[in-house]
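In what follows, chains carry the letters A, B, and so on, assigned in the order in which the sequence lines appear, proteins first and then strands, with residues in each chain numbered from 1. This is a predicted model, so every value here is computed, not measured. Quick note: numbers below take in every heavy atom, side chains included, and nothing from hydrogens, waters or symmetry partners.
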Protein chains: 2
Amino acid sequence: MEDDIVQQVRRMSQLYAYTSIQMHETVARKAGLSGTDHKYLGFLMQKGQMTAGELASLTGLTTGAVTGMIDRFEKKKLVKRKFSEDDRRKVIIEPNTKNIMALFEPLYKEFRTQSEALLAGFSKKEIKVLESYFAKAIEIMQSTTKKLEQP
Amino acid sequence: MEDDIVQQVRRMSQLYAYTSIQMHETVARKAGLSGTDHKYLGFLMQKGQMTAGELASLTGLTTGAVTGMIDRFEKKKLVKRKFSEDDRRKVIIEPNTKNIMALFEPLYKEFRTQSEALLAGFSKKEIKVLESYFAKAIEIMQSTTKKLEQP
DNA sequence: ATTATTATCTTAGTGGCTAAGATACTTATT
DNA sequence: AATAAGTATCTTAGCCACTAAGATAATAAT
């Protein structure tokens, strides 16, 4: 029946998620970071600079934990603290893209080329299928997370 | 160009992985577990019973950490320790499927039905595309992880 | 039998996390 | 302008999971 196929893909997507966590953590350790630090550094890279408070609310960590994380990043020259001009209580965290890239690129390089090769093997139509799946699956996961986070 | 599309899907797959981590951790916290505990409990469920040592090498944790983890699981009645018949040094960890399901099912229920609905919306051909992508992507990630773990 | 190996547990020490409070700056009120 | 309230980050104490190393107990090898 169709159900079996659906179940199988569902299980595969689960394994996919799990495997990516594993890789992510392995890369982190290789780079001398914890899994969470790696994750949140990715945040910073994606969003560009942000304040410590923004990072705290985005990560769900307490401000104290964020302070410690920024300390660790700063010690490794991966970010720089800067006081905001218009509000000097605010601490702007500026990722040092060059250093961060230098740290992770060698670790991800092969993975990246392989992933690109994999995707290049799909037709335009097939890529659209993947795209549509990802978009909707992401939405589902985000709404699930949101609902759970409420009381 | 084609490259742009590939890059975009690659970025989406990254976001997909990240979002699934977030959901996974949120579910874990709701269940009163840490993210890692949730992950490794999933291991146990999938593989059925295994020994403490197998769990240690599979997770990469030290045997001490595994002992602590089993203690936490046991306290919550999620697993049971049993000494192996043929080698009484070995500790077999038996997941209590019923209790584990009871803990997680309510948290995953809606997600599960939504995921199934999403997949049911794809044609057989399209599902094959997803399947093939997942299978190959998983392989790439596993080989990346393996290579990094070696030297 | 004795020795080596294997499987798990125990213990001491480390590090990141939370919660609560301290510090420093900004905004609102009078 | 002076004081109070609010906001952003940092600091500190205490907790908990982790590692590393060694202890304990059972099995395998000579």
Check every atom of [options] against the side chain of [X] and return the nucleotide holding the closest atom.
| X | options | result |
| --- | --- | --- |
| B:Thr62 | D:dT11, D:dT19, C:dC17 | D:dT19 |
| B:Val91 | C:dT18, C:dT8, D:dT9 | C:dT8 |
| A:Ala65 | D:dT11, C:dT18, C:dT10 | C:dT18 |
| A:Lys90 | C:dC17, D:dT9, D:dA17 | D:dT9 |

[X] [atom1] to [N] [atom2]: how many Å, rounded?
| X | N | atom1 | atom2 | result |
| --- | --- | --- | --- | --- |
| B:Phe83 | D:dT24 | CZ | P | 16 Å |
| B:Glu54 | C:dT8 | CD | C1' | 13 Å |
| A:Arg72 | D:dC10 | CZ | C1' | 15 Å |
| A:Phe73 | C:dG15 | CZ | P | 17 Å |
| B:Lys82 | C:dA7 | NZ | P | 19 Å |
| B:Leu61 | C:dT8 | CG | C1' | 15 Å |
| B:Arg29 | C:dT18 | CZ | P | 9 Å |
| A:Tyr40 | C:dG16 | OH | P | 14 Å |

Touch check for [X], heavy atoms < 4.0 angstrom, all strands: base, sugar-phosphate only, or nothing?
| X | result |
| --- | --- |
| B:Ser34 | nothing |
| A:Ala52 | sugar-phosphate |
| B:Gly68 | nothing |

Next on the checklist: Between B:Phe134 and A:Tyr133 (judged by ring centroids, cut-off 6.0 Å), do the two rings come close enough to count as a pair?
Outcome noted: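 Close enough - the centres of the two rings lie under 6.0 Å apart.
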Checklist entry - So, B:Tyr16 versus A:Tyr16, ring centres under 6.0 angstrom or not? => result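 Close enough - the centres of the two rings lie under 6.0 Å apart.
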Checklist outcome for this item: Scoring nucleotides 21-29 of chain C by protein non-hydrogen atoms under 4.0 Å (B base, S sugar-phosphate only, - none) yields ---BBS---
Next on the checklist: Could you check whether any side-chain heavy atom of B:Ile93 comes within less than 4.5 Å of a side-chain heavy atom of B:Phe73, counting everything from C-beta outward?
Outcome noted: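 They are not in side-chain contact.
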Checklist entry - For the side chain to side chain contact (heavy atoms under 4.5 Å, CB included) test, which of A:Ile140, A:Thr145, A:Ile138 pairs with A:Gln142? => result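 Only match with A:Gln142 under side chain to side chain contact (heavy atoms under 4.5 Å, CB included): A:Ile138.
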Next on the checklist: Going by side-chain hydrogen bond (donor to acceptor under 3.5 Å, both in side chains), name the pairs with one or both residues in residues 61-76 of chain A, residues two or more places apart or in two chains.
Outcome noted: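 As it turns out, the side-chain hydrogen bond (donor to acceptor under 3.5 Å, both in side chains) pairs with a partner in residues 61-76 of chain A, which skip direct neighbours, are A:Asp37-A:Arg72, A:Asp71-A:Arg81, A:Glu74-A:Arg81.
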Next on the checklist: One thing to verify: whether A:Lys80 and A:Glu94 come together as a salt bridge, which I'm taking to mean a side-chain N less than 4.0 angstrom from a carboxylate O.
Outcome noted: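 Looking at A:Glu94 and A:Lys80, the cut-off is not met.
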Next on the checklist: Can you see whether B:Tyr18 engages B:Gln22 through a side-chain donor-acceptor pair at a distance of less than 3.5 angstrom?
Outcome noted: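 Distance-only check passes for B:Tyr18 and B:Gln22.
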Checklist entry - Which residue, A:Ile70 or B:Met69, contacts DNA chain D at a nucleotide closer to its 5' end, judged by nearest heavy atom? => result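 Closest to the 5' end, via its nearest nucleotide, is A:Ile70.
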